[in-house]
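Reckoned from all heavy atoms, side chains included, excluding hydrogens, waters and symmetry mates. On a predicted model such as this, the values are computed, not experimentally measured, just so you know. A note on names: the letters A, B, ... follow the listed sequences, proteins ahead of strands, and every chain is numbered from 1.
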Amino acid sequence: MILSTVRALERDFYGRDAGGLARELLGKLLLCDGVGGRIVEVEAYGGADDPGSHAFRGRTRRNASMFGPPGHLYVYFIYGVHWCANVVCGAEGVPGAVLVRALAPTHGVDAMRRRRARARRERDLCSGPARLCQALAIDGSHDGADLVGGHAGVRLFDDGTAPPARPRRGPRIGLAAGAERPWRWYVAGDSNLSRPG
DNA sequence: CCGCCGATCTTT
DNA sequence: AAGATCGGCGGG
């Protein structure tokens with residue numbers, strides 16, 4: 001019998017570019033204060049070369065975390081309503097991040113249901129970038145949080161589950177500019193995706 | 001199931 | 001004015 005080992009990810013895991021990190025993040029566990037799940041859908045975002053990225057036109061107050069060191073969170077507020085969370089990657093000073101778009105709930109489902117009372121089914125808890133932030137209680141206070149230190153309660157773990165050998169890939173969702181780039185990766189057939197696939 | 005619409009913050 | 005979204009509502 002093989003005992004599964006759960007370990008927090010080290011800084012160098014985050015040093016690669018957004019596309020590479022995106023694929024490596026599939027299957028990892030994202031937890032905030034012990035509540036969260038397995039990443040099943042992500043999107044990669046670059047910098048000045050990516051018209052779909054918040055960093056395309058340079059640094060602003062909102063996107064500053066995208067320019068910071070890898071292994072931290074970039075949490076932004078959108079449509080005046082929702083929070084969304086990204087994992088910052090690449091070298092410090094070079095903007096890049098991976099948007100976490102969906103989780104398969106694994107830890108603290110009761111807490112998630114309380115925070116998302118309008119979610120009828122378990123697959124409605126974390127099936128979208130703003131939904132999962134609500135379920136995990138991630139908000140602006142977590143912008144810039146260090147995932148490696150984990151001091152803000154947010155951490156990524158590897159429990160031995162390998163990323164899918166052939167993740168499905170397609171255009172990023174909700175973009176006008178840069179929509180042609182197939183930088184969304186997801187676990188084929190997972191019931192928690194932000195849209196079926 | 002689908003499409004429309006409002007929520008109202010950030011940046012342009 | 002539009003945006004890396006969501007949920008409620010109306011219609012088929």
Q: Find out whether A:Leu9 and A:Val148 are in side-chain contact, i.e. whether some heavy atom of one side chain is under 4.5 Å from a heavy atom of the other.
A: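 In short, these two side chains do not touch, never coming nearer than 4.5 Å.
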Q: So, A:Asp124 and A:Arg121, do they make that salt bridge, N to O below 4.0 Å?
A: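 Answer for the salt bridge query: yes.
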Q: Only Watson-Crick and G-U wobble pairs with both distances less than 3.5 Å should count. Give DNA chain C in dot-bracket notation, marking inter-strand partners with |.
A: |||.|||||||.
Q: Side-chain donor-acceptor pair under 3.5 Å between A:Arg115 and A:Gln134, yes or no?
A: no
Q: Heavy atoms of chain A, cut-off under 4.0 Å: which first and last nucleotide of DNA chain B, 5' to 3', fall inside that, if you could look?
A: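 Endpoints of the contacted stretch of DNA chain B: B:dA7 to B:dT12.
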Q: May I have all residue pairs that pass ring pair (Phe, Tyr, Trp, His ring centres under 6.0 Å) and include part of residues 83-127 of chain A, sequence neighbours excluded?
A: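 For residues 83-127 of chain A, and leaving out neighbouring residues, the ring pair (Phe, Tyr, Trp, His ring centres under 6.0 Å) pairs sorted by first residue read A:Phe77-A:Trp83.
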Q: Side chains of A:Arg38 and A:Thr106: do they bring a donor and an acceptor to under 3.5 Å?
A: no
Q: Quick test of your reading: applying ring pair (Phe, Tyr, Trp, His ring centres under 6.0 Å), list the pairs with at least one residue in residues 118-158 of chain A, sequence neighbours left out, ordered by first then second residue.
A: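 Matches after skipping sequence neighbours: none remain.
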Q: Please determine if A:Asp146 and A:Arg11 form a salt bridge, counting it only when a charged side-chain N lies under 4.0 Å from a carboxylate O.
A: yes
Q: Only pairs at least two apart or in different chains count here, so list each side-chain hydrogen bond (donor to acceptor under 3.5 Å, both in side chains) that has a residue in residues 67-81 of chain A.
A: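 Qualifying pairs: A:His54-A:Tyr74.
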Q: What string of B, S and - do you get for nucleotides 3-12 of chain C 5' to 3' if you count protein non-hydrogen atoms under 4.0 Å?
A: BBBSSS----
Q: In terms of side-chain heavy atoms, does A:Asn192 have a donor or acceptor partner in A:Ser127 at a distance below 3.5 Å?
A: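 The criterion, which ignores hydrogens and geometry beyond distance, is not satisfied for A:Ser127 and A:Asn192.
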Q: Please tell me whether A:Leu136 and A:Val88 are part of a single hydrophobic cluster in this structure, the criterion being side-chain heavy atoms less than 4.5 Å apart.
A: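 No, A:Leu136 does not connect to A:Val88 through the hydrophobic network.
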